[in-house]
Amino acid sequence: RNPYALGLAASASGGIWMVGTRGALDKLDPATGEVEHHLQPIDGSNWPQSVLEDANGRVWIGSLDTLVRYDPRDGQVRRWRDGDAVDAAMPGDGDILRLCNGNLWVYSEDGGLQQRNLDGRVLLRVVKGQRGLPVAAIEDMQCGPDGRLWLSSAAGLAAWQPLRSQFQPV
């Protein structure tokens, strides 16, 4: 199991998904304290950085140069790696994962930002310094009540403007 959790995510079933320094995906039952082991290794010897459960109950995991989707119902695992010919993962760690308007957003301090549909297809890739994405490291990103992706960084707040396909400082 993971001695140190690096990423946590709520599960629709009431549990907490955890990824950490053993490279494992575990699920904690907060009521009983029991930990259910799901997947190890997630990505070889790399430590996963982030985890998120989507509306279909699949678990997305950001790791070094890799994005992983795991379905706990049947154990199916899909990996996208940096360098793949189609729908490649971004270089660097998948530092932050968020769902917004039915799509997955993946932030990597090294690679920038990707928007993917829940089948894993890359819809958009934004390099730092382009389309209003700050060069400064993103500290957090959330889906706002308006359905737009919001970012915080040392440069301040920025919100995604879908009609202009760029981030606008707020």
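Being a predicted model, the structure only gives us computed values, none of them experimental.
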How would you list all residue pairs meeting ring pair (Phe, Tyr, Trp, His ring centres under 6.0 Å) that involve residues 88-144, not counting sequence neighbours? W105-W160

Show the numbers, then the answer: is there a side chain to side chain contact (heavy atoms under 4.5 Å, CB included) between S13 and K27? CA-CA 10 Å; S13 68; K27 188 175 181 185; 2.6 Å; yes

For W17, the rest of its hydrophobic cluster, which grows through side-chain links under 4.5 angstrom: V19, L25, L39, I42, V51, V59, I61, V68, Y70, V77

Rounded to the nearest 0.5 Å, how far does [atom2] of [Y] lie from [atom1] of [X]?
{"X": "L124", "Y": "N117", "atom1": "CG", "atom2": "CG", "value": "12.5 Å"}
{"X": "E53", "Y": "I16", "atom1": "CD", "atom2": "CD1", "value": "10.0 Å"}
{"X": "K128", "Y": "S153", "atom1": "NZ", "atom2": "OG", "value": "9.0 Å"}
{"X": "D71", "Y": "R73", "atom1": "CG", "atom2": "CZ", "value": "4.0 Å"}
{"X": "D82", "Y": "D65", "atom1": "CG", "atom2": "CG", "value": "5.0 Å"}
{"X": "L8", "Y": "S50", "atom1": "CG", "atom2": "OG", "value": "11.0 Å"}

How close do [X] and [Y] get, counting heavy atoms only, and between which atoms?
{"X": "L97", "Y": "G62", "value": "CD1-N, 3.7 Å"}
{"X": "P48", "Y": "G20", "value": "CD-O, 3.4 Å"}
{"X": "R69", "Y": "G120", "value": "NH1-N, 4.0 Å"}
{"X": "A89", "Y": "Q114", "value": "C-NE2, 4.1 Å"}

Decide yes or no for [X] and [Y]: does some side-chain heavy atom of the first lie under 4.5 Å from some side-chain heavy atom of the second?
{"X": "R125", "Y": "M90", "value": "yes"}
{"X": "N56", "Y": "L118", "value": "yes"}
{"X": "N101", "Y": "L149", "value": "no"}
{"X": "D93", "Y": "S108", "value": "no"}
{"X": "W80", "Y": "T66", "value": "no"}
{"X": "L151", "Y": "P134", "value": "yes"}
{"X": "R164", "Y": "R131", "value": "no"}

Whether D119 and R121 form a salt bridge (side-chain N of Lys/Arg under 4.0 Å from carboxylate O of Asp/Glu) is what I want to check.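 Between D119 and R121 there is no salt bridge, as every charged N stays at least 4.0 Å from the carboxylate O atoms.
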
Please lay out, stage by stage, how M18 and V35 fare under the test side chain to side chain contact (heavy atoms under 4.5 Å, CB included). CA-CA 10 Å; M18 302 180 297; V35 175; 4.2 Å; yes

Has the side chain of Q40 got a donor or acceptor atom that lies under 3.5 Å from a matching backbone atom of R22? yes

Kindly say whether G33 contributes a backbone atom to a donor-acceptor pair with the side chain of D29 at under 3.5 angstrom?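 The answer is no, because no donor-acceptor pair under 3.5 Å joins these two groups.
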
Can you list, pair by pair, the side-chain donor-acceptor contacts under 3.5 Å of residues 138-147, counting residues two or more places apart and other chains?
residue	atom	partner	partner atom	Å
D140	OD1	R98	NH2	3.0
D140	OD1	Q142	NE2	3.3
D140	OD2	Q142	NE2	3.4
D146	OD1	R148	N	3.0
D146	OD1	W150	NE1	3.3
D146	OD2	R148	NE	2.7
D146	OD2	R148	NH2	2.9

Residue set satisfying salt bridge (charged side-chain N to carboxylate O under 4.0 Å, His left out) with D43, at least two apart, ordered chain then number -> R81

Considering residues at least two apart in sequence or located in another chain, which fulfil the side-chain hydrogen bond (donor to acceptor under 3.5 Å, both in side chains) criterion with E36? H38

Name all residues meeting the side-chain hydrogen bond (donor to acceptor under 3.5 Å, both in side chains) criterion together with D95; count only those two or more places apart in sequence or in a different chain, and write none if there are none. none

May I ask you to check whether over 12 heavy atoms, not counting those of R78, lie within 6.0 Å of atom CZ?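 More than 12 heavy atoms, drawn from other residues, nucleotides or ligands, come within 6.0 Å of this atom.
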
Take L104 and L52, measure what side chain to side chain contact (heavy atoms under 4.5 Å, CB included) needs, and give me the verdict at the end. CA-CA 9 Å; L104 176 71; L52 177 76; 3.5 Å; yes

In this structure, which one of V122, L113, L67, I96 forms a side-chain contact (heavy atoms from CB on, under 4.5 Å) with V106?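 One option only clears the test, and that one is L67.
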
